[in-house]
Amino acid sequence: MLKVILPDGNSKEFPSSAAVKEVAAAIGPRLAKAALVAEVDGKIVGLDYRLPESGEVQVKILTAKDPAALGVMRHSAAHVMARAVMRLKKGVQLAFGPTVEGGFYYDFEVPEPLREEDFPAIEAEMQKIIDLDEPFERIETPRAKALEICQGLAQKYKVEHINTGLADHASMSFYRQGEFIDLCRGPHVLSPKAIGAYKLLSIAGAYWKGDANNAQLQRLYATAFFTKEELDEHLKKIEEAKRRDHRTLGKQLQLFTISQDVGPGLALWLPKGAMIRAQLEEFIKAELTRRAYLPVYTPHIGRIQMYQTSGHFPYYMDSQFPPFYLDPLMQSVQQLFYLLFQEKLSAGKFVGMFEETLKRNDDRLVPNSFPGFGTAKTDEDKLHVIREWFNEQEAYLLKPMNCPHHIQIYKSERRSYRELPLRLAEFGSVYRFEKTGQLNGLTRVRGFTQDDAHLFCTDDQIPAEFAGCIEMTQFVLNCLGLENYRVRLGFRDPASDKYVGGADVWERAQNSLEEVCSRLKIDYTPEPGEAAFYGPKADFVVTDCIGREWQLGTVQLDYNLPARFKLEYVGQDNHMHQPVMIHRAPLGSMERFIGVLIEHFAGAFPLWLAPEQVRVITVSEKSEQYGRDVEQKLRAASLRVKGDYRPEKLGAKIRDAQLELIPYMFVVGPRDAESATVSVRDRIDGDLGAMPLDQAICRLSAEIADRRVRKTYSGTAGLEGKATGNEY
RNA sequence: GCUGCUGUAGCUCAGUCGGUAGAGCACCUCCUUGGUAAGGAGGAGGUCCUGGGUUCAAGUCCCAGCAGCAGCUCCA
């Protein structure tokens with residue numbers, strides 16, 4: 001006999017090895033009907049799962065109301081989709097087909113690539129399979145048998161997975177449905193009828209096991225829900241995200257543009273977008289002053305040797321704009337080094353080609369005798385000599401980071417402990433050669449400006465300074481209505497060799513970070529392997545108002561660059577000490593941050609950020625003069641204002657302003673001219689009625705001074721339709 | 001960088017079987033002078049992404065490149 005404990009604390013007796021569905025049936029016929037999967041001692045299992053022979057076991061029957069059941073059903077839907085594809089296409093190799101947030105996918109290798117035109121046929125085939133109502137049947141097999149089955153099915157990825165990923169599994173399971181059988185841990189729903197509504201979403205490439213060196217597969221994304229209504233709601237959410245797309249809104253609202261003539265990934269700020277950015281920068285600058293940061297300015301390029309020292313150049317060789325050498329000859333030599341770096345040249349071949357290159361350009365050279373070789377005999381020795389010589393050549397790099405420049409400012413004089421912490425701040429523009437496939441609107445660009453600062457402090461000051469940076473980031477995010485965030489603590493992966501600096505130093509840095517975060521009661525998750533190469537970091541991951549996560553601000557602790565650049569200060573003891581550096585950027589980059597803000601606000605910026613704050617709208621041309629007077633007074637009160645004096649009807653002008661997401665409209669007609677009033681129309685609340693102009697100005701000024709973030713207007717910028725309500 | 005898709009007016013898009021380029025919005029001019037989400041008429045606007053090829057003829061078919069989109073991989 002077996003004792004089953006139910007979630008309400010009651011228990012029931014069952015015969016040995018009873019199936020979970022018998023438990024559901026015993027509780028009640030309605031539950032038995034609604035049951036999809038179960039949780040047995042905290043583990044999600046299918047309804048055909050056999051309970052133990054005896055003892056006590058916790059069982060919870062899950063229905064469509066439980067999120068875990070949705071995941072299981074989606075995974076079953078993935079099997080149905082794979083089965084449908086195999087029925088329609090020949091020679092399909094199955095890879096993995098897991099559930100993901102919002103749906104599921106299945107990776108295939110198909111001789112003839114799948115296209116979106118195939119979606120209707122696949123969906124129709126899925127429906128046929130669902131209508132067949134064949135159960136998902138679990139088959140447990142020992143490893144040898146499993147291998148045999150997959151080999152029999154000629155499923156090479158499954159075979160590989162059994163031999164590698166499942167190498168330590170003595171037995172494994174398959175799920176069979178009709179003619180379709182797939183290696184799968186499960187569980188599944190019993191009947192495909194549970195798949196109420198589904199839709200194929202997109203098709204994309206994906207590497208086998210996520211490794212770019214492996215074969216590229218086709219990934220079919222889809223989603224499924226228990227009901228059609230839930231699916232429709234989900235599709236509406238996807239539409240909503242599309243509507244907020246900062247690339248679309250940026251174009252419609254004339255915030256930024258990217259010109260092919262300037263180059264991919266190089267954003268141009270249009271006047272309206274530049275205004276938003278300027279306001280944000282003013283805001284940050286005021287905070288910097290309040291927090292005793294010192295503004296500095298540094299150039300956009302720097303000597304390559306500096307980035308050799310910092311480690312950025314060698315470490316990020318592939319994602320930088322190539323360095324420029326003053327001597328054109330060096331471009332060729334640099335190419336050789338690049339090939340060497342990629343291990344496409346041996347040392348000997350490199351030395352030979354190097355001499356050839358020099359000979360062609362320098363008649364002082366006699367064949368095979370680079371004057372610098374001196375006593376160097378072996379290729380390795382010669383390579384070393386060439387490398388040293390090459391590294392001394394004058395070359396510049398577009399700066400990929402601001403820190404080396406700020407370090408030079410630190411080093412411009414002898415520092416005393418009395419000067420620390422020294423906080424150097426700059427809106428620093430940096431350039432990184434992101435690969436074409438990574439570029440995306442403002443959120444991934446090749447040139448961007450960080451709201452950067454570097455804090456140089458003593459060991460003792462770390463906790464306070466680090467906490468100060470965290471606090472400032474929180475303050476800034478909260479001011480912008482981005483109150484929903486978590487912190488990701490990026491730690492070093494002890495198994496990897498990509499990091500610089502010793503284990504003890506890392507240990508110390510990571511501990512300080514974690515201590516401060518727990519002291520500030522921050523919601524953080526440590527993530528090994530996510531550190532920068534020079535130190536651990538705290539990244540702010542912000543959730544926007546429709547639930548998407550964005551990585552924005554960052555605070556990073558760094559013991560390594562101070563060592564590499566031999567930074568020092570005179571301590572109280574009159575001895576030299578090494579400072580610690582903190583890199584931090586509360587917004588991250590202006591480009592990315594504003595891109596995210598556009599999506600968060602759906603283009604409807606709070607008054608203090610709005611590029612145009614007020615539009616003066618005349619009822620007819622008769623009131624143009626009064627309208628111009630009002631416009632002047634608003635401008636005198638430092639409001640950003642534009643007058644609309646077109647010979648259009650009032651409704652049309654309001655509609656235009658509304659679609660441009662202007663926060664306030666001041667409607668003026670003969671009545672207003674007579675009484676020195678304006679009729680205020682709010683973007684969100686509509687007509688507020690007439691009020692004296694001075695009063696209207698006060699109202700707006702107060703909203704600006706508070707940097708008030710009001711509920712986002714859910715209107716559609718440039719799209720048809722009237723606003724239906726407010727959000728979040 | 002890889003896989004797939006896309007590229008036509010300022011914007012959003014249509015363009016059939018290969019036969020001299022189309023709509024709506026925006027823009028300009030005129031009429032209308034009005035009180036809270038589209039008044040009317042007319043006009044102007046094109047390197048059909050670029051370069052090759054096939055063809056009597058290419059926006060349309062083929063090849064290459066560039067750019068964008070989705071995803072993968074990467075992200076100091």
Side-chain angles (χ1 to χ4, degrees), chain A residues 105 107 109 113-117 201-221 242 245 247-248 251-252 254 257-261 263-265 307 310-313 315-316 318-320 399-404 430 432-441 443-444 450 490 498 500 530-535 537 539 551 554 556 558 561 583 585 592 617-624 647-659 665-672 679-683 686-690 715-716 718-723:
Chain A
Y105 66 79
D107 285 347
E109 189 178 274
L114 293 168
R115 294 156 166 264
E116 287 199 17
E117 291 98 89
L201 296 176
S202 62
I203 196 161
Y207 299 107
W208 167 239
K209 296 202 168 170
D211 187 337
N213 296 315
N214 287 342
Q216 181 139 31
L217 310 169
Q218 278 203 302
R219 176 169 296 179
L220 212 45
Y221 278 93
K242 228 188 224 169
D245 191 312
R247 293 163 302 187
T248 314
K251 200 179 265 181
Q252 276 168 10
Q254 300 169 304
T257 189
I258 293 173
S259 152
Q260 293 191 24
D261 290 339
Y307 296 102
S310 73
H312 290 107
F313 179 66
Y315 193 82
Y316 292 103
D318 282 338
S319 47
Q320 284 165 1
K399 72 174 168 187
M401 284 291 284
N402 297 306
C403 26
V430 297
R432 297 175 188 174
F433 193 78
E434 303 288 358
K435 291 175 185 163
T436 51
Q438 329 289 13
L439 299 174
N440 183 285
T443 55
R444 198 77 186 268
Q450 299 174 311
K498 76 169 202 174
V500 295
E530 293 296 313
F533 76 91
Y534 49 72
K537 59 181 183 172
D539 288 332
Q551 194 209 298
T554 183
Q556 310 177 349
D558 181 2
L561 287 184
H583 310 237
R592 183 176 173 79
I617 297 178
T618 48
V619 170
S620 79
E621 285 173 289
K622 285 178 185 158
S623 308
E624 181 170 344
E648 280 292 343
K649 292 182 90 167
L650 177 58
K653 293 203 253 189
I654 285 174
R655 181 171 188 275
D656 287 345
Q658 200 80 50
L659 291 178
M665 283 158 260
F666 286 3
V667 175
V668 295
R671 290 207 300 266
D672 298 293
S679 298
V680 177
R681 186 188 163 96
D682 180 286
R683 171 175 66 189
D687 191 0
L688 302 181
T716 50
L719 298 174
E720 296 300 322
K722 193 171 169 165

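The figures that follow rest on heavy atoms only: side chains count, while hydrogens, waters and symmetry mates do not. Below, read A as the first sequence line, B as the second, and so on, with proteins coming before strands; counting in each chain starts at 1.
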[M] and [N], which share atom name [atom1], separated by this distance in whole Å:
N	M	atom1	value
U47(B)	G1(B)	C1'	31 Å
G46(B)	G15(B)	C1'	14 Å
G19(B)	U32(B)	P	46 Å
C17(B)	C13(B)	C1'	23 Å
G24(B)	A9(B)	C1'	12 Å
U60(B)	U54(B)	C1'	13 Å
G52(B)	A58(B)	C1'	13 Å
C11(B)	G18(B)	C1'	29 Å

Atom [atom1] of [X] and atom [atom2] of [N]: how far apart are they, to the nearest Å?
X	N	atom1	atom2	value
Leu217(A)	U73(B)	CG	P	12 Å
Leu201(A)	G71(B)	CG	P	11 Å
Gln218(A)	A70(B)	CD	P	18 Å
Ile617(A)	U36(B)	CD1	P	12 Å
Leu659(A)	A38(B)	CG	C1'	9 Å
Tyr221(A)	A70(B)	OH	P	12 Å
Asp656(A)	A26(B)	CG	C1'	10 Å
Asp107(A)	A70(B)	CG	P	19 Å

- Heavy-atom side-chain proximity of Pro404(A) to Tyr307(A) below 4.5 angstrom: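 Yes, their side chains come closer than 4.5 Å.
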- Message: Between G35(B) and Asp687(A), counting only base atoms on the nucleotide and side-chain atoms on the residue, is there a donor-acceptor pair under 3.5 Å?
- Response: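 Such a pair does not exist between side chain and base.
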- Message: Whether the side chain of Tyr207(A) and the base of G71(B) hold a donor-acceptor pair under 3.5 Å is what I'd like checked.
- Response: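 No, the side chain and the base share no sub-3.5 Å donor-acceptor pair.
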Considering Watson-Crick and G-U wobble pairs with both distances under 3.5 Å, what does [N] pair with?
N	answer
A38(B)	none
C48(B)	none
C72(B)	G1(B)
C61(B)	G53(B)
A23(B)	U12(B)

- Query: Any donor and acceptor pair, going by atom type alone, linking the side chain of Lys209(A) with main-chain N or O of Asn214(A) inside 3.5 Å?
  - Reply: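 It does not hold such a pair.
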- Query: Are any side-chain N or O atoms of Gln218(A) and backbone N or O atoms of Leu114(A), one a donor and one an acceptor, separated by less than 3.5 Å?
  - Reply: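 Indeed, once roles are kept as given, a pair shorter than 3.5 Å links the two residues.
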Looking only at the side chain of [X] (C-beta and beyond, no hydrogens), which of the listed nucleotides [options] gets closest?
X	options	value
Pro670(A)	G35(B), A38(B), A70(B)	G35(B)
Asn440(A)	G39(B), A70(B), U36(B)	A70(B)
Ser202(A)	G1(B), A70(B), U36(B)	A70(B)
Lys251(A)	C11(B), G35(B), G34(B)	C11(B)

If the condition is side-chain hydrogen bond (donor to acceptor under 3.5 Å, both in side chains), which residues does [X] pass it with, not counting sequence neighbours?
X	value
Ser623(A)	none
Asp211(A)	Asn213(A)
Asp558(A)	His583(A)
Tyr207(A)	none

- Message: Using a heavy-atom cut-off of 4.0 Å across all strands, would you classify Arg681(A) as base, sugar-phosphate, or nothing?
- Response: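 Since a base atom lies under 4.0 Å of Arg681(A), the category is base.
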- Query: So what does Arg671(A) touch, heavy atoms closer than 4.0 Å: a base, only the sugar-phosphate, or nothing?
  - Reply: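 Base contact.
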- Which residue, Asp211(A) or Glu648(A), contacts RNA chain B at a nucleotide closer to its 5' end, judged by nearest heavy atom?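 With Asp211(A) and Glu648(A) compared, the 5'-side residue is Glu648(A).
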- Which residue lies toward the 5' end of RNA chain B, Asp245(A) or Gly651(A), if each is placed at its nearest nucleotide?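 Result of the comparison: Gly651(A).
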By salt bridge (charged side-chain N to carboxylate O under 4.0 Å, His left out) - contacts of [X] (at least two apart):
X	answer
Arg115(A)	Glu117(A)
Glu434(A)	Arg444(A)
Arg432(A)	none

Sub-3.5 Å pairs of nitrogen or oxygen atoms, protein against nucleotides 47-52 of chain B:
none

- Message: Taking only side-chain N and O atoms of Lys622(A), does any of them lie within less than 4.0 angstrom of OP1 or OP2 on G34(B)?
- Response: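 Indeed, a polar side-chain atom of Lys622(A) lies that close.
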- Candidate pair Ser679(A) and Asp672(A), rule side chain to side chain contact (heavy atoms under 4.5 Å, CB included), full reasoning: CA-CA 7 Å; Ser679(A) 298; Asp672(A) 298 293; 3.3 Å; yes
- Message: Suppose we screen for side-chain contact (heavy atoms from CB on, under 4.5 Å). Which residues come up paired with Lys251(A), at least two apart in sequence or across chains?
- Response: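 By the side-chain contact (heavy atoms from CB on, under 4.5 Å) rule, Lys251(A) matches no residue at all.
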- How would you list, by chain and number, every residue that makes a side-chain contact (heavy atoms from CB on, under 4.5 Å) with Asp245(A), sequence neighbours excluded?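 Per chain and number, Asp245(A) pairs via side-chain contact (heavy atoms from CB on, under 4.5 Å) with Arg247(A), Thr248(A), Glu599(A).
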Find every protein N or O atom lying less than 3.5 Å from an N or O atom of nucleotides 64-68 of chain B, and list the pairs.
residue	atom	partner	partner atom	Å
A67(B)	O2'	Gln260(A)	NE2	3.0

- Task: Can you measure from CG (Leu561(A)) to NE2 (His312(A)) and round to the nearest 0.5 angstrom?
- Result: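 With rounding to 0.5 Å, CG (Leu561(A)) is 6.0 Å from NE2 (His312(A)).
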Please tabulate, one pair per line, each protein N/O and nucleotide N/O from nucleotides 74-76 of chain B that are separated by under 3.5 Å, including the distance.
residue	atom	partner	partner atom	Å
C74(B)	O2	Arg444(A)	NH2	3.0
C74(B)	N3	Arg444(A)	NH1	3.2
C75(B)	O2	Arg444(A)	NE	3.4
C75(B)	O2	Arg444(A)	NH1	3.3
C75(B)	O2	Arg444(A)	NH2	3.1
A76(B)	OP2	Lys537(A)	NZ	3.4
A76(B)	O4'	Tyr316(A)	OH	2.8
A76(B)	O2'	Tyr534(A)	OH	3.3
A76(B)	N6	Ser319(A)	O	3.1
A76(B)	N6	Ser319(A)	OG	3.0

- Item | Side-chain H-bond candidate by donor/acceptor type, Asn402(A) with Gln450(A), under 3.5 Å |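 A pair is found: one side chain offers a donor N or O, the other an acceptor, under 3.5 Å apart.
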